[in-house]
Visitor: 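Shown below is the structure under consideration.
All heavy atoms count here, side chains included; hydrogens, waters and symmetry mates do not. All values reported here derive from a predicted model rather than from experimental measurement. Labels below follow one simple rule: chain letters A, B, ... track the order of the sequence lines, proteins then strands, and each chain is numbered from 1.
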Amino acid sequence: MSVFTAPKGIPEYFPPNSAAFLAVREKLVGAARRAGYGYVELPIFEDTTLFARGVGESTDVVTKEMYTFADRGGRSVTLRPEGTAGVMRAVIEHGLDRGQLPVKLYYAGPFFRYERPQAGRYRQLQQVGVEAIGVDDPALDAEVIAIADTGFRDLGLSGYRLEITSLGDASCRPQYRAELQDFLRKLPLDDETRQRAEINPLRVLDDKRPDVRELLADAPLMVDHLSPECREHYEQVKGHLTDLGVKFVENPRMVRGLDYYTKTTFEFVHDGLGAQSGIGGGGRYDGLMAELGGQPLSGVGFGLGVDRTLLACEVEGVTPGDTARCDVFCVPLGDAAKARLVALAGQLRARGVRVDLAYGGKGLKGAMKAADRSGARFALVVGERDLAEGNAQLKELSTGEQRALPLDGAVTGVLRALGGSDT
RNA sequence: GUGGGUGUAGCUCAGCCGGUAGAGCACUGGGUUGUGGUCCCAGGUGUCGCGGGUUCAAGUCCCGUCACUCACCCCA
């Protein structure tokens, strides 16, 4: 055991597998970019009050999972546990909502929750998220959901499903909530669950224990108590999803852990991941902007878990990204050849080719082995004999075919070889 | 915060009823003094997580402790 170890519960990625991590993030981000979302780079930590207000005082995230500390000025700050509150803060602070609506933004980066680590549950997690602010249009809900679905599909994933429901809004949820509470109070529940029923009764519906599930079989459901407006919104979202060719299942018992959600909520679930099966989730949050001191604008967005999506890829046997470290691997024999190849490597890199070289005076056998392990398509070998002849040997590693290339035109020769049979 | 499982080489792990530490992979060199992948040969590192106990003898049994891990809870 080394003297220092990584902080508990934080995944680390290194080559060659880190290529897959990057590829997952790029695919998810790409789907958002293609739908007209612009990138925001935001603080990793914010004023603690922002999250307490934005995420909700009664949520587990706020009550027991935040990395909170005092900075040297005595201010209480918190490592961001989710992305939406920070985006809203930035939108309000910089007046991004003064122009055309909707404001469409995406972000990618680390988030932090102090929880007991588990398979797929980390204290530092990577997320890609989007937010569309200022237009309460069901088609926008559908767009956001479709972006996530597209991202997962682009990766080659198929073993997941999309669950959706509607949580209503201020016009219907309070009445339903009271009705559900009445129902729950009559059940023989344990103290902890009873307490949850008082604080956030909706979350009781999500209980996984079979005996509790049985008690809840006849519980009233939000989808049966939606206001006409919320019902219409929900129906339209489903219609647009069908238009977009996005498959979904309705899960009227789905619950989200953050307080700000209204109307549409959704979750992408993968069955191969063990207990932590959600690879992405989100929904509409029409009251959040006002809650944080901005104008009363609606919003809809999601957060996708990059770490869990990567796990899903592994489970499904898909390996996104290119694990090869370079395209061309230079093998010099002797100092004169090395000087020539070092220069050539620099020229090729300037032209966009990924090039590595056998450093450290490796023998030919060892250098060729390094070339093989690098994943390069070509090895470029130069020895004393080649120097004398003015040649380099370009060897295609997959076939073993090798041909001489004039050293003087080596850059174009290599470029041609790479481009030639690439298509 | 509450349970279960596991800690042996860089990695994955074997190690029986207690008897002086093993394999595969990876790495390096050689077989091939200028050619990788397959094959063959050679090369080595272990406070057996840590502390205590039982024993002539502990990787192995007992107690404690720490770490990791899975699950509850919760969520991405």
Visitor: If I pick the P atom on G49(B) and the same atom on G10(B), what distance separates them, to the nearest angstrom?
Guide: 13 Å

Visitor: Expressed as a whole number of Å, how far does the C1' atom of C11(B) sit from that of C50(B)?
Guide: 23 Å

Visitor: For C74(B) and R256(A) - does any side-chain N or O of the residue sit under 4.0 Å from the phosphate oxygens OP1/OP2?
Guide: no

Visitor: Return no unless some side-chain N or O of Q276(A) is found under 4.0 Å from OP1 or OP2 of A76(B).
Guide: no

Visitor: When the C1' atoms of G30(B) and G22(B) are considered, how many whole Å apart are they?
Guide: 25 Å

Visitor: So, does the side chain of Q402(A) form a donor-acceptor pair with the base of U35(B) at under 3.5 Å?
Guide: yes

Visitor: In whole angstrom, give the distance that lies between atom CZ of R121(A) and atom P of U69(B).
Guide: 12 Å

Visitor: Only Watson-Crick and G-U wobble pairs, only distances under 3.5 Å, only runs of 3 or more: what stems does that leave for RNA chain B?
Guide: B:1-7 with B:66-72, B:10-13 with B:22-25, B:27-31 with B:39-43, B:49-53 with B:61-65

Visitor: Determine the Euclidean distance between corresponding P atoms of U47(B) and U55(B); express it in Å to zero decimal places.
Guide: 29 Å

Visitor: If you measure from the Lys or Arg side-chain nitrogens to the Asp or Glu carboxylate oxygens, is any gap between K395(A) and E401(A) under 4.0 Å?
Guide: no

Visitor: Distance check: side-chain N/O of K8(A) vs OP1/OP2 of C68(B), anything under 4.0 Å?
Guide: yes

Visitor: Taking the basic N atoms (NZ, or NE/NH1/NH2) and the acidic carboxylate oxygens, is any pair closer than 4.0 Å for R80(A) and E82(A)?
Guide: no

Visitor: Do the side chains of E46(A) and R89(A) get close enough for a salt bridge, i.e. N-O under 4.0 angstrom?
Guide: yes

Visitor: Can E115(A) and K64(A) be counted as an ion pair, charged N to O under 4.0 angstrom?
Guide: no

Visitor: So, is Q127(A) near the phosphate of A76(B), with a side-chain N or O under 4.0 Å from OP1 or OP2?
Guide: no

Visitor: Return no unless some side-chain N or O of R373(A) is found under 4.0 Å from OP1 or OP2 of C27(B).
Guide: yes

Visitor: Could you work out the separation of G18(B) and A71(B) based on their P atoms and round it to a whole Å?
Guide: 34 Å

